[in-house]
Colleague: 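Starting off with a structure, shown below.
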Amino acid sequence: MAKVKNNKLKARLPRGFTDRSAADIRATDEMLSKIRTVFERYGFDPVETPAFEYTDCLGKFLPDTDRPNAGVFSVQDDDEQWMSLRYDLTAPLARHVAENINEIQLPYRTYRAGYVYRNEKPGPGRFRQFMQFDADTVGAAGVQADAEICMMAADTMEALGIARGAYVIRVNNRKVLDGVMEAIGLGGEENAERRLTVLRAIDKLDKFGPEGVRLLLGDGRWDGGEEGKGDFTRGARLDDEQVDTVMKFTAGVTHGLPTSKGGSDRDLGDMKTWSIDGEEYFTDNRTTCLTLLHSVRDNPLAKEGLNELLQIASLAESAGYGSRRILIDPSVVRGLEYYTGPVYEAELLFDVTNEKGEVVQFGSVGGGGRYDGLVKRFTGRDVPATGFSIGVSRLATALKNLGKLGTDDVVPPVLVTVMDGDTEALGRYQKMAQALRDHRSDDYPNGIRAEMYQGNWKKFGNQLKYADRRGCPLAIIQGSDEREAGEIQIKDLIEGKRLSGEITDNVTWRESRPAQVTVKEAELVERVKAMLAEQAEDRAKAGN
RNA sequence: GCAGACGUAGCUCAGUUGGUUAGAGCGUCGGAUUGUGGCUCCGAAGGUCGGUGGUUCGAAUCCACCCGUCUGUACCA
């Protein structure tokens, strides 16, 4: 015999992709359903687009070639047209709206969940296929649409079980940073590259802190945090004055008012508060906007952006959403490409520890903004739009580590064991399983999960072993003895497992048949129900 | 992409200065036990030492390249 094993195909999962377990799928379904409930309540309707789009519709060709951008998975169709897997849900939505613009009633409020694909370096908690859940309002130009999206984002966080104060929706406006960069002389086409560098630097505030960002705005920064360590990242090469201006706008510039002064005509119930020297302050979005407005009064673009932010803050506050939930924060950058106005980011404020017990920097679990130009690319017509996207896979990881995500509470099926393999006997066993499945009651609106053993029935021990490993709560046993007496045995596998600790002798263990009751065959369903109820009660007790 | 660390059985890891047939624990499978899970005992299977090439009488060990994993960083629509 030649070595067949040399020809064995190696089973391997593509890197950056993952198989999902039953527990994962159930937990994610639960999350999706909670998110969907909020979106539906706000009057959004679902629409779905496919995973593939023509690459030009995604706008992702490399600038200097006719090949798609390296970051997207692409294939060529029969006719050599490039197609790509979608890398977000926004660009495909713009395509859908443009293509159906005559049928769609604007403003169009819509949501969708789906996998998106990015050809990037994967890492722990970072995949090349992951799920997003989007909501967009297309055809609404006013900032009230943006304010609404932020409020809905906050509601969604809470619907998922994240307490108020444990998350925040940060809001900025692309026009503000663009205006500031214009004001320090970085306007114009020739500075586009430097503007990107500045935005990227600001985006790293939470990673490197103000000092690191200063380096990136200036000459540059070493990977390792100090000279000579790792690679060198080239900076934006701003001078000190320019750096100061940018930092003044971004690093820690949310402003507060003493509660005693600002509180007279304001509802402080949802404001973020803190104390210094015995005096209580609250974070005031309006003061943040007004202070910044004061310092940019020469720049029309920044002024416009800040006025929009001021409106968003006021609208949110009128609806009861204060700075604890929706925070004006001029350091928010978000993607660099298609956003044109307000941008938002949902951030978790609690520590997330991974399975190794390490605290991980979690960053944002969702974000979005206004993209007024995206549909216009197709239609030539102004179709302003704003939307928000939740990183479902990331958020699921965070919730799981927080213990907020359903540890699998689905009870495995009752196992009907097989003692005789002839057709008639198998029919009897199948009928028992069916009786459990067909049962309907308030506790079991969809029946009781049950299965007949489908493996080699001749080794009875293996059947119980299977049931044990599968976590089955009960096993139904009927051999010829029980059959003749019109009885069945129901074995409580959970209780039996507990008793096994007290029995060391195998003969006793086998003959005592712990936690096993003999009942009339006709009582099958009722007794199973009763025993499952007892187990549920025990679980509830242990859980508390 | 760049820099560094690592890669031995399904899993966790030993493996001496380069030296015969590469080991252990756990897990898996079979048996003790043909109608009862766990425990115990006995037995077995499982490895191209990440891959390819090179140095050598001889390579898991040394060298080169590649692949993969991890860490940092870049990019992230």
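What you see below is based on every heavy atom in this structure, not just the backbone, and it leaves out hydrogens, waters and symmetry mates. Order of the sequence lines fixes the chain letters, A, B, ..., with proteins taken first and strands second; residue numbering starts at 1 for each chain.
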Colleague: RNA chain B: A:Gly16 or A:Gly71, which has the more 5' nearest nucleotide?
Modeller: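 Nearest-nucleotide comparison on RNA chain B picks A:Gly16.
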Colleague: When you compare B:rU21 with B:rG30, how far apart are their P atoms, in angstrom units rounded to a whole number?
Modeller: 33 Å
Colleague: Say you draw a straight line from CZ of A:Arg95 to OG1 of A:Thr90; how long is it, rounded to the nearest 0.5 Å?
Modeller: 13.0 Å
Colleague: How is A:Tyr87 classified with respect to the nucleic acid when contacts are heavy atoms under 4.0 Å: base, sugar-phosphate, or nothing?
Modeller: base
Colleague: Between A:Lys121 (NZ) and B:rU69 (P), how many Å, whole number?
Modeller: 10 Å
Colleague: Over 60° means perpendicular and under 30° means parallel, so classify the ring planes of A:Tyr466 and A:Tyr453, tilted if in between.
Modeller: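 A:Tyr453 vs A:Tyr466 ring planes: perpendicular.
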Colleague: Is B:rC49 paired to anything, Watson-Crick or G-U wobble with both distances less than 3.5 Å, and if yes, which nucleotide?
Modeller: none
Colleague: Does atom CZ of A:Arg67 have more than 12 heavy-atom neighbours, drawn from other residues, nucleotides or ligands, at distances under 6.0 Å?
Modeller: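 No - once you tally the heavy atoms of other residues, nucleotides and ligands closer than 6.0 Å, there are 12 at most.
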Colleague: Please name the nucleotide paired to B:rC62 by Watson-Crick or G-U wobble geometry with both distances under 3.5 Å, or report none.
Modeller: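 For B:rC62, the partner nucleotide comes out as B:rG54, under the 3.5 Å rule.
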Colleague: Quote, to the nearest angstrom, the C1' distance that separates B:rA45 from B:rC29.
Modeller: 7 Å
Colleague: Ignoring hydrogens and angles, answer whether the base of B:rC76 and the side-chain atoms of A:Arg128 contain a donor-acceptor pair closer than 3.5 Å.
Modeller: no
Colleague: Can you check the A:Asp420 CG to B:rG35 C1' distance for me, whole Å?
Modeller: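 From A:Asp420 CG to B:rG35 C1': 10 Å.
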Colleague: Does atom CD (A:Glu48) have a neighbourhood of more than 12 heavy atoms from anything else shown, all under 6.0 Å?
Modeller: no
Colleague: So what does A:Lys458 hit on the nucleic acid, given a heavy-atom distance under 4.0 Å: a base, only sugar-phosphate, or nothing?
Modeller: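 It contacts sugar-phosphate atoms only.
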Colleague: Counting only Watson-Crick or G-U wobble pairs whose two distances fall under 3.5 Å, which nucleotide matches B:rA32?
Modeller: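 With both distances under 3.5 Å, B:rA32 matches B:rU40.
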Colleague: Just to be sure I understand the rule, does A:Gln516 reach a base, reach only the sugar-phosphate, or reach nothing, if contact means heavy atoms closer than 4.0 Å?
Modeller: base
Colleague: Can you pull the salt bridge (charged side-chain N to carboxylate O under 4.0 Å, His left out) pairs that have at least one residue in residues 366-376 of chain A, sequence neighbours excluded?
Modeller: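 Only A:Asp146-A:Arg370, A:Arg370-A:Asp372, A:Lys376-A:Asp382 qualify under salt bridge (charged side-chain N to carboxylate O under 4.0 Å, His left out).
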Colleague: Mind checking salt bridge (Lys or Arg N to Asp or Glu O under 4.0 Å) for A:Asp219 and listing every partner two or more places apart, or none if nothing turns up?
Modeller: A:Arg237
Colleague: Counting just side-chain N and O atoms, does A:Arg15 come under 4.0 Å of either OP1 or OP2 of B:rU69?
Modeller: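 So the side-chain polar atoms of A:Arg15 do come within 4.0 Å of the phosphate oxygens OP1 or OP2 of B:rU69, strictly under.
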Colleague: Could you measure between the two C1' atoms, the one in B:rG68 and the one in B:rA77, and give it in whole Å?
Modeller: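 One C1' to the other, the span is 28 Å.
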Colleague: Return yes if a side-chain donor-acceptor contact under 3.5 Å exists between A:Tyr338 and A:Asp88, otherwise no.
Modeller: yes
Colleague: Does CD belonging to A:Glu502 count more than 12 external heavy atoms closer than 6.0 Å?
Modeller: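 Counting other residues, nucleotides and ligands, CD of A:Glu502 exceeds 12 neighbours.
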Colleague: Select base, sugar-phosphate, or nothing to describe what A:Tyr371 touches, counting heavy atoms under 4.0 Å on all strands.
Modeller: nothing
Colleague: Side chain of A:Phe208: nearest nucleotide among B:rG35, B:rA74, B:rA77?
Modeller: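 Among the listed nucleotides, the one closest to the side chain of A:Phe208 is B:rA74.
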Colleague: OP1 or OP2 of B:rG31 sitting under 4.0 Å from any side-chain N/O of A:Lys459?
Modeller: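 Indeed, a polar side-chain atom of A:Lys459 lies that close.
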Colleague: Between B:rG23 and B:rC63, how far is it from one C1' atom to the other, in whole Å?
Modeller: 27 Å
Colleague: Rounded to whole Å, how long is the line connecting atom CZ of A:Arg334 with atom P of B:rA77?
Modeller: 7 Å
Colleague: Please evaluate the base of B:rU73 for a donor-acceptor partner in the side chain of A:Lys204 within a cut-off of under 3.5 Å?
Modeller: no
Colleague: Take atom P in B:rA60 and the same atom in B:rA22, then report the distance between them in whole Å.
Modeller: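 Rounded to whole Å, the distance is 9 Å.
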Colleague: Taking A:Arg112 for its side chain and A:Thr49 for its backbone only, find out whether a donor-acceptor pair lies under 3.5 Å.
Modeller: no
Colleague: Using atom CD of A:Gln129 as one end and atom P of B:rC76 as the other, report the distance to the nearest whole Å.
Modeller: 22 Å
Colleague: Which nucleotide in the list B:rA77, B:rU73, B:rG35 gets nearest to the side chain of A:Gln489?
Modeller: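 Comparing B:rA77, B:rU73, B:rG35 against the side chain of A:Gln489, the answer is B:rG35.
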Colleague: For B:rU73, does OP1 or OP2 lie under 4.0 Å from any side-chain N or O of A:Lys207?
Modeller: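 Indeed, a polar side-chain atom of A:Lys207 lies that close.
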Colleague: Inspect the contact between A:Asp178 and A:Arg195 and indicate whether a charged nitrogen and a carboxylate oxygen are less than 4.0 angstrom apart.
Modeller: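 Judged by the 4.0 Å cut-off on N to carboxylate O distance, A:Arg195 and A:Asp178 do not form a salt bridge.
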Colleague: Pick base, sugar-phosphate or nothing for A:Thr90, based on heavy-atom distances below 4.0 Å to the nucleic acid.
Modeller: nothing
Colleague: For A:Leu216 and B:rA74, what is the distance between atoms CG and P respectively, to the nearest whole Å?
Modeller: 7 Å
Colleague: Could A:Arg128 and A:Phe73 be counted as a cation-pi pair, given that NZ or CZ must be under 6.0 Å from the ring centre and within 45° of the axis?
Modeller: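 Not flagged: A:Arg128 not positioned over aromatic ring of A:Phe73.
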Colleague: Can you find a donor-acceptor pair, distance only, under 3.5 Å between A:Gln463 side chain and B:rU36 base?
Modeller: no
Colleague: Taking a pair as Watson-Crick or G-U wobble with both distances under 3.5 Å, which nucleotide is matched to B:rU12?
Modeller: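 Here B:rU12 is engaged in a pair, and the nucleotide opposite it is B:rA24.
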Colleague: Between the protein and nucleotides 37-41 of chain B, which nitrogen or oxygen pairs come in under 3.5 angstrom?
Modeller:
from: B:rG37; atom 1: OP2; to: A:Trp509; atom 2: NE1; distance (Å): 2.8
from: B:rG37; atom 1: N1; to: A:Leu493; atom 2: O; distance (Å): 2.7
from: B:rG37; atom 1: N2; to: A:Asp468; atom 2: OD1; distance (Å): 2.5
from: B:rG37; atom 1: N2; to: A:Leu493; atom 2: O; distance (Å): 2.9
from: B:rG37; atom 1: N3; to: A:Asp468; atom 2: OD1; distance (Å): 3.3
from: B:rG38; atom 1: N7; to: A:Trp509; atom 2: NE1; distance (Å): 2.6
from: B:rG38; atom 1: O6; to: A:Asn506; atom 2: ND2; distance (Å): 2.1
from: B:rG38; atom 1: N2; to: A:Ile503; atom 2: O; distance (Å): 2.1
from: B:rC39; atom 1: O2; to: A:Thr504; atom 2: O; distance (Å): 3.3
from: B:rC39; atom 1: N4; to: A:Asn506; atom 2: ND2; distance (Å): 3.0

Colleague: Of the nucleotides B:rA77, B:rG35, B:rC75, which has the atom closest to the A:Arg126 side chain?
Modeller: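 So the nucleotide nearest the side chain must be B:rC75.
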Colleague: Provide the Watson-Crick or G-U wobble partner of B:rA77, both distances under 3.5 Å; none if there is no partner.
Modeller: none
Colleague: Rounding to a whole Å, what distance do you find between A:Phe73:CZ and B:rC76:C1'?
Modeller: 13 Å
Colleague: Could you tell me how far B:rC6 sits from B:rU12 if I compare only their C1' atoms? Round to whole Å.
Modeller: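 Comparing C1' positions in B:rU12 and B:rC6 gives a spacing of 16 Å.
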Colleague: Base, sugar-phosphate, or nothing: which does A:Asn69 touch, judged by heavy atoms less than 4.0 Å apart?
Modeller: nothing
Colleague: Let's test this: given Watson-Crick or G-U wobble pairing with both distances under 3.5 Å, identify the partner of B:rU69.
Modeller: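 Check on B:rU69: paired to B:rA5, both distances under 3.5 Å.
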Colleague: Taking B:rG10 as the reference, what is the distance to B:rC62 when you measure between their P atoms (whole Å, please)?
Modeller: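 Their P atoms lie roughly 23 Å apart.
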Colleague: Work out how far the C1' atom of B:rU33 is from that of B:rG38, and round it to whole angstrom.
Modeller: 14 Å
Colleague: Across all strands shown, which nucleotide pairs with B:rG18 by Watson-Crick or G-U wobble geometry, both distances under 3.5 Å?
Modeller: none
Colleague: Tell me the interatomic distance from A:Phe232, atom CZ, to B:rG72, atom C1', rounded to whole angstroms.
Modeller: 16 Å
Colleague: Tell me which nucleotide among B:rC75, B:rU36, B:rA77 gets nearest to the side chain of A:Arg200.
Modeller: B:rC75
Colleague: What is the distance, to the nearest angstrom, from the OH atom on A:Tyr339 to the C1' atom on B:rA77?
Modeller: 8 Å
